[in-house]
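Below: one structure, written as structure tokens.
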Amino acid sequence: MPLQALPGFRDFFPEEFALRAHIFDAMRRVARRYGFEEYDGPPLEALELYTDKSGDEIIGQLYSFADKGGRDVALRPEMTPTLARMVAERANGLKKPIRWFSIPQLFRYERQQRGRLREHFQLNCDLIGEPGPLGDAEVIALAVDVMRALGLTATDVRVRLSDRRLLAVLLEEAGIGTARQALAFQALDKLGRSEYGPRRKALHEAGATDDAIAALESLPSITTWADLETRFPAAAGAGAPLRRTMDALDAMGLGDFVDLDLTIVRGLAYYTGTVFELFDAQRSLRAICGGGRYDNLLDRIGGVDLPALGFGMGDVVLGELLKERGVAPKAPASAEVFLVTATPEDRPAVLKLAHELRDSGIRVEYSLADDKIGKQMKLADARGARMAVVVGPDERARGAVVLKDLRTGAQQEVSMETLADAVRNLMGQGR
RNA sequence: GUGGUUGUAGCUCAAUCGGUUAGAGCGCCGGACUGUGGCUCCGGAGGUUGCGGGUUCAAGUCCCGUCAGCCACCCCA
């Protein structure tokens, strides 16, 4: 066996490529529907773009090396620094809010697992220059609509939504101040999992009281505004932006997808407000999508002080979910019409007709060898062709061919001049 | 990076206690059905049992290493 693809990298055979194209297509269609414009940047960047000011979380698993000129470079692990640079370059000339999206291939060097490779494609949508909660709703709605465009419903996929501004106040009220906030965020993220134990201990050692820890542990049980206002009457004000975001999603008719979930904090340190993740409803896969508001990041990276928010949605977990839910596309028929020669003398007519059909946009194939009709028909069938056109001497003498519907088996004689029309006519039926 | 677990045709799997030439279904290729596909029948190709070492008269099977997949951790784009 020849060399395989590197660990964590994928070969896309036609069937897999069909799934990828299906996902990309839904992403593009929906993003454009929201008025987002597509952009891209280089897949290889200077290492310092990531080590400098970006979140330290990523640099440990950068896919980096020295190029032949001795430059330290890295395959991009995320799109945000590139986006920040590009926006900063033209910030003055761009009408706000900026709505941009991209589907970059991203890389990271780490041990692969299911749903987590060394390479993936990720839809990135960012809304820049809008501080208000309607912007948050807009971006979350976009993510949800990609799910819907792919045939997923509120019983397949859930949005878990929180807000760091609200969390900070809640923790403060519970007796966990800003000094211990990072620890508390980590603990919150791990709550209910086996790794929570050590975080709890760390919190305790950092001086958090038993009451404060108990309050933190009760946050997952808060799933409605009523719960929140009952438990933290004084903190409800800090939840106002989040509430307006959720109200907007309700008004759009997408409320069914959304759960208030105070355990969502996101790993990246730069989030400053709304944070959200999309999961499969059964929670058996990793996150499909994650994002939030990062109002200070553009200033830090690009030197342009603009509020912003966005999300990343990877193709790997999403593809697995589509297969699991049975909404992945079947590989499309490679040819719609298959032309068959009865004798070698029919070849020129087949070539002419095939080319005319192709010119009119129909997917056409024909046997390249002078096989017997039966064998050519077998190939037509294997290709999934909707119909076959048999070109033989008898009909050809009359300027006609036989058009056969491979689904019903019915066939009719059609003049060569009207073949394209007859084909289109037949394709219009059924489907 | 750490720990656990699994590796047999393209795919899904079989092979007694360590015992002849590692099998089957599907798929693929070819043929029969002689101007018409699906069905059926016949034939064929395809394996260094992931790779390397060790134990043994004998290894797909036991041991060690390694690589790869999966799971958990780290981390989570």
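Values below: every heavy atom of this structure, side chains too, minus hydrogens, waters and symmetry copies. Residue numbers begin at 1 in each chain, while the letters A, B, ... track the order of the sequences.
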>> Return the pairing partner of B:G1 with a 3.5 Å limit on both distances, Watson-Crick or G-U wobble; otherwise return none.
In response: B:C73
>> In whole Å, I'd like the distance from the CD atom of A:Gln61 to the C1' atom of B:C73.
In response: 14 Å
> For the pair made of CD in A:Glu365 and P in B:G37, what is the distance, rounded to whole Å?
Replying inline: 18 Å
>> Counting only side-chain heavy atoms from C-beta out, which of B:C74, B:G35, B:C76 sits nearest to A:Arg108?
In response: B:C76
> For B:G44, what is the paired nucleotide under Watson-Crick or G-U wobble rules, both distances under 3.5 Å?
Replying inline: B:C28
>> I'd like to know if A:Arg108 pairs up with A:Glu78 as an ion pair, taking the criterion as any Lys NZ or Arg NE/NH1/NH2 lying under 4.0 Å from an Asp or Glu carboxylate oxygen.
In response: no
> Would one find more than 12 heavy atoms of other residues, nucleotides or ligands at under 6.0 Å from atom CG of A:Leu134?
Replying inline: no
> So what does A:Gly290 touch, heavy atoms closer than 4.0 Å: a base, only the sugar-phosphate, or nothing?
Replying inline: nothing
>> Strictly by Watson-Crick or wobble contacts shorter than 3.5 Å, is anything paired with B:G65, and which nucleotide is it?
In response: B:C51
> What is the pairing partner of B:G23, taking Watson-Crick or G-U wobble pairs with both distances under 3.5 Å in any strand?
Replying inline: B:C13
>> Parallel, tilted or perpendicular: which one describes the rings of A:Tyr39 and A:Trp100, with boundaries at 30° and 60°?
In response: tilted
>> Nearest whole Å is fine: how far is B:C76 P from A:Gln113 CD?
In response: 14 Å
>> Taking the C1' atom in each of B:A59 and B:G53, what is the distance between them to the nearest angstrom?
In response: 13 Å
> Looking at B:C75, does its base get a donor-acceptor pair with the side chain of A:Arg111 below 3.5 Å?
Replying inline: no
> Would A:Glu320 and A:Arg114 pass as an ion pair if we require N to O under 4.0 Å?
Replying inline: yes
> Just checking A:Gly374: base, sugar-phosphate only, or nothing, at a heavy-atom cut-off of under 4.0 Å?
Replying inline: sugar-phosphate
> From B:G35, B:G37, B:A77, pick the nucleotide closest to the side chain of A:Leu106?
Replying inline: B:A77
>> Using atom P in both nucleotides, what's the gap between B:G50 and B:G7 to the nearest angstrom?
In response: 9 Å
> Distance between the C1' atoms of B:C42 and B:C33, in whole angstroms?
Replying inline: 12 Å
>> Closest approach to the side chain of A:Val402, judged atom by atom: which nucleotide of B:C70, B:A77, B:U36 is it?
In response: B:U36
> Can you check whether A:Arg118 has a side-chain N or O nearer than 4.0 Å to OP1 or OP2 of B:A77?
Replying inline: no
>> Whole angstroms only, please: what is the NZ-P distance between A:Lys375 and B:G37?
In response: 14 Å
> Hey, which of these two, A:Leu379 or A:His120, hits RNA chain B nearer its 5' end, going by closest nucleotide?
Replying inline: A:Leu379
>> For a quick check of understanding: with a heavy-atom distance under 4.0 Å over all strands, which category does A:Gln186 fall into, base, sugar-phosphate or nothing?
In response: nothing
> Paired with B:G18 by Watson-Crick or G-U wobble geometry, both distances under 3.5 Å: which nucleotide is it?
Replying inline: none
> Does the distance from a Lys or Arg side-chain N to an Asp or Glu carboxylate O, for A:Glu365 and A:Arg383, drop under 4.0 Å?
Replying inline: yes
> Is a donor-acceptor contact shorter than 3.5 angstrom present between the side chain of A:Lys404 and the base of B:G37?
Replying inline: yes
>> Roughly how many Å apart are B:C57 and B:C70, using the P atom of each and rounding to a whole number?
In response: 40 Å
> Got a salt bridge between A:Asp295 and A:Arg165, using NZ or NE/NH1/NH2 to carboxylate O under 4.0 Å?
Replying inline: no
> Now, which nucleotide makes the Watson-Crick or G-U wobble pair with B:C39, with each of the two distances under 3.5 Å?
Replying inline: none
>> Taking B:G4 as the reference, what is the distance to B:A22 when you measure between their C1' atoms (whole Å, please)?
In response: 30 Å
> Looking only at atom C1', what distance separates B:A45 and B:C63, rounded to whole Å?
Replying inline: 37 Å
> Are OP1 or OP2 of B:G35 and a side-chain N or O of A:Lys372 less than 4.0 angstrom apart?
Replying inline: no
>> Categorize A:Gln376 for me: base, sugar-phosphate, or nothing, with a 4.0 angstrom heavy-atom threshold over every strand shown.
In response: nothing
> Can you check the A:Glu78 CD to B:A77 C1' distance for me, whole Å?
Replying inline: 7 Å
> Rounded to the nearest Å, what distance is computed from the CE atom of residue A:Met377 to the P atom of nucleotide B:G38?
Replying inline: 9 Å
> Whole Å only: how far is the CG atom of A:Leu339 from the P atom of B:G35?
Replying inline: 20 Å
>> Need one value for A:Arg76: base, sugar-phosphate or nothing, where a base atom within 4.0 Å counts as base even if backbone is also close, heavy atoms only.
In response: nothing
> When rounded to the nearest Å, what value does the distance between C1' atoms of B:A58 and B:C67 take?
Replying inline: 28 Å
> Is A:Arg347 salt-bridged to A:Asp370, cutoff N-O under 4.0 Å?
Replying inline: yes
> Expressed in whole Å, how much space separates the P atoms belonging to B:C39 and B:C28?
Replying inline: 10 Å
> So which one's nearest nucleotide on RNA chain B is more toward 5', A:Glu119 or A:Gly392?
Replying inline: A:Gly392
> Does the pair A:Arg293/A:Asp136 count as a salt bridge with the N-to-O cut at 4.0 Å?
Replying inline: yes
> If you check every side-chain atom of A:Arg116, which of B:G37, B:C76, B:G35 has the closest atom?
Replying inline: B:C76
> To the nearest Å, how far apart are A:Arg160 CZ and B:C76 P?
Replying inline: 16 Å
> Considering Watson-Crick and G-U wobble pairs with both distances under 3.5 Å, what does B:A59 pair with?
Replying inline: none
>> Given B:G30, B:G38, B:G1, identify the nucleotide with an atom nearest to the side chain of A:Asp381.
In response: B:G38
